[in-house]
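Below, chain A is the first sequence line, B the second, and so on; all start at residue 1. Just so you know, these numbers use all the heavy atoms, side chains as well, and skip hydrogens, waters and symmetry mates.
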Amino acid sequence: MPVASAVHPRVLEWFADNARDLPWRTPGTSAWGVLVSEVMSQQTPMSRVAPKWEAWMATWPTPADLAAAPTSEVLIAWDSLGYPRRALRLQECARAITERHDGVVPSTEEELLALPGIGSYTAAAVASFAHRNRATVLDVNIRRVLSRVFAGVEHPMAALSKKETAWAAGLVPTHDHVEWNAGVMELGALVCTSRSPRCAECPLQDLCVWNLAGRPAAPERKPRTQSWAGTDRQLRGAIMKVLRTATTAGLPTRLLTASALDLTTTDEETLAGLPAPVVAAVERVRDLGTADRIDRLVTDLVSDGLAVLEDGRLRLP
DNA sequence: AACGCGGGGCC
DNA sequence: GGCCCAGCGTT
């Protein structure tokens, strides 16, 4: 296993030359801006996050701004980034920071972990990238790089264990730890990718246990990704899209109840004259779900706080 | 530990 | 058509 002191300078030098020009890396970005970028990036590729982040920060530059915003506008701005409950948690987070921390993003992992939507990864990332505190950042990229370089294993274990965290913590240098965290992550995102890694371009190729061993394939991996077509998530997403497009179009919410909208039965008279995006979103829901399923998922969405049902009308909160 | 949760792009 | 993505919260 290579010694960390041999790996560190390689990563730091590579990162200095290859860091992407991401909008939140612009000097002067607030800690809040970094936090927003991290939450948006939870399970969403950064290529899709970047443009949304810029518009978001222009609209709500501070936690107090987001805290005061109508949740419906927040969900519309979140658009199709996925997992819209993250948008709810982010607004709750903004309110917690505004009320409990005087609008200042906390800098310790313990305080960050106590905030809605902030887990172990995001707490460490904000502590490191926003506050330059020494922290052990462990996302899917860093876990994969460390697994390959030091353990010689193609993919990390599905679950992050305490043991792995402690081991990774020992690899974080006392100086340049921010650049280490960001650099290893960037290396995992651009070079040491999950599929088809570019080992020939890797600054660690002559140190990496996995590469030196001939890049042996992992025995087998249980399918980590859930199916998509036909799932509740797909239909939930389609229903949320109806709410976003209709609200944006300023439609009366009466049209948005599963029953009143007749999402499952053809009602051309109701649909006639509606904006095309709304019609498309409604027809999509019709194609995907039966009335019973739609009603069940609407109940779930209301329970999750993603929608509000009053007087038989469904709308964004 | 396992599950539910979105959506788009790439192989 | 599967795989992957700067994960989190609940059970």
Could you check how far [atom1] of [X] sits from [atom2] of [N], rounded to whole Å?
| X | N | atom1 | atom2 | answer |
| --- | --- | --- | --- | --- |
| A:Leu112 | C:dG7 | CG | P | 17 Å |
| A:Leu88 | B:dC5 | CG | P | 15 Å |
| A:Glu179 | C:dA6 | CD | P | 20 Å |
| A:Lys52 | C:dC5 | NZ | P | 22 Å |
| A:Leu190 | C:dC5 | CG | P | 13 Å |
| A:Leu235 | B:dG6 | CG | C1' | 13 Å |
| A:Glu109 | C:dC8 | CD | P | 12 Å |
| A:Glu186 | C:dC5 | CD | P | 14 Å |

Which part of the nucleic acid, if any, lies within contact of [X], taking any heavy atom under 4.0 Å across all strands shown: a base, the sugar-phosphate backbone alone, or nothing?
| X | result |
| --- | --- |
| A:Ser120 | sugar-phosphate |
| A:Arg20 | base |
| A:Arg284 | nothing |
| A:Trp24 | base |
| A:Leu22 | base |

Provide the distance between the two [atom1] atoms, one in [N] and one in [M], to the nearest whole Å.
| N | M | atom1 | result |
| --- | --- | --- | --- |
| C:dC4 | B:dC5 | C1' | 16 Å |
| B:dG8 | C:dC8 | P | 22 Å |
| C:dC3 | B:dG6 | C1' | 15 Å |
| B:dC11 | C:dA6 | C1' | 22 Å |

Shortest non-hydrogen separation from A:Glu154 to A:Arg144 and the atoms involved: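 Heavy atoms only, the tightest pair is O-CG, 3.9 Å.
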Pair up each side-chain donor or acceptor in residues 100-111 of chain A with any protein partner under 3.5 Å, not counting sequence neighbours, and list the distances.
unit_1, atom_1, unit_2, atom_2, d
A:Thr108, OG1, A:Glu111, N, 3.1
A:Thr108, OG1, A:Glu111, OE1, 2.9

- Any side-chain heavy-atom pair from A:Arg233 and A:Trp228 closer than 4.5 angstrom?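 In contact.
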All N/O contacts under 3.5 Å from nucleotides 7-9 of chain B to the protein, with atom names and distances to one decimal?
unit_1, atom_1, unit_2, atom_2, d
B:dG7, N2, A:Arg48, NH2, 3.1
B:dG7, N3, A:Arg48, NH2, 3.0

* What residues, two or more places apart in sequence or in another chain, satisfy side chain to side chain contact (heavy atoms under 4.5 Å, CB included) together with A:Ala6? ->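 Side chain to side chain contact (heavy atoms under 4.5 Å, CB included) list for A:Ala6, sorted by chain: A:Val3, A:Leu207.
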Check your understanding: For A:Ser128, does its backbone N or O pair with a side-chain atom of A:Asn133 as donor and acceptor, under 3.5 Å?
Key ->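 No, the answer is negative, given that no donor and acceptor are paired below the 3.5 Å cut-off.
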Let me spell it out: for each of A:Leu113 and A:Ala189, pick the nucleotide of DNA chain C with the closest heavy atom. Which residue's pick is nearer the 5' end?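 Looking at the nearest nucleotide for each, A:Ala189 comes out on the 5' side.
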Sequence neighbours left out, what passes ring pair (Phe, Tyr, Trp, His ring centres under 6.0 Å) with A:His8? Give chain and number order.
->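 So A:His8 forms a ring pair (Phe, Tyr, Trp, His ring centres under 6.0 Å) with A:Trp180.
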- Which residue, A:Leu160 or A:Arg85, contacts DNA chain B at a nucleotide closer to its 5' end, judged by nearest heavy atom?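 That would be A:Leu160.
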Q. Can you list the residues that meet the salt bridge (charged side-chain N to carboxylate O under 4.0 Å, His left out) rule with A:Arg89, with sequence neighbours excluded?
A.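 So A:Arg89 forms a salt bridge (charged side-chain N to carboxylate O under 4.0 Å, His left out) with A:Glu92.
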*asked:* Suppose we screen for salt bridge (charged side-chain N to carboxylate O under 4.0 Å, His left out). Which residues come up paired with A:Arg132, at least two apart in sequence or across chains?
replied: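 Salt bridge (charged side-chain N to carboxylate O under 4.0 Å, His left out) list for A:Arg132, sorted by chain: A:Glu179.
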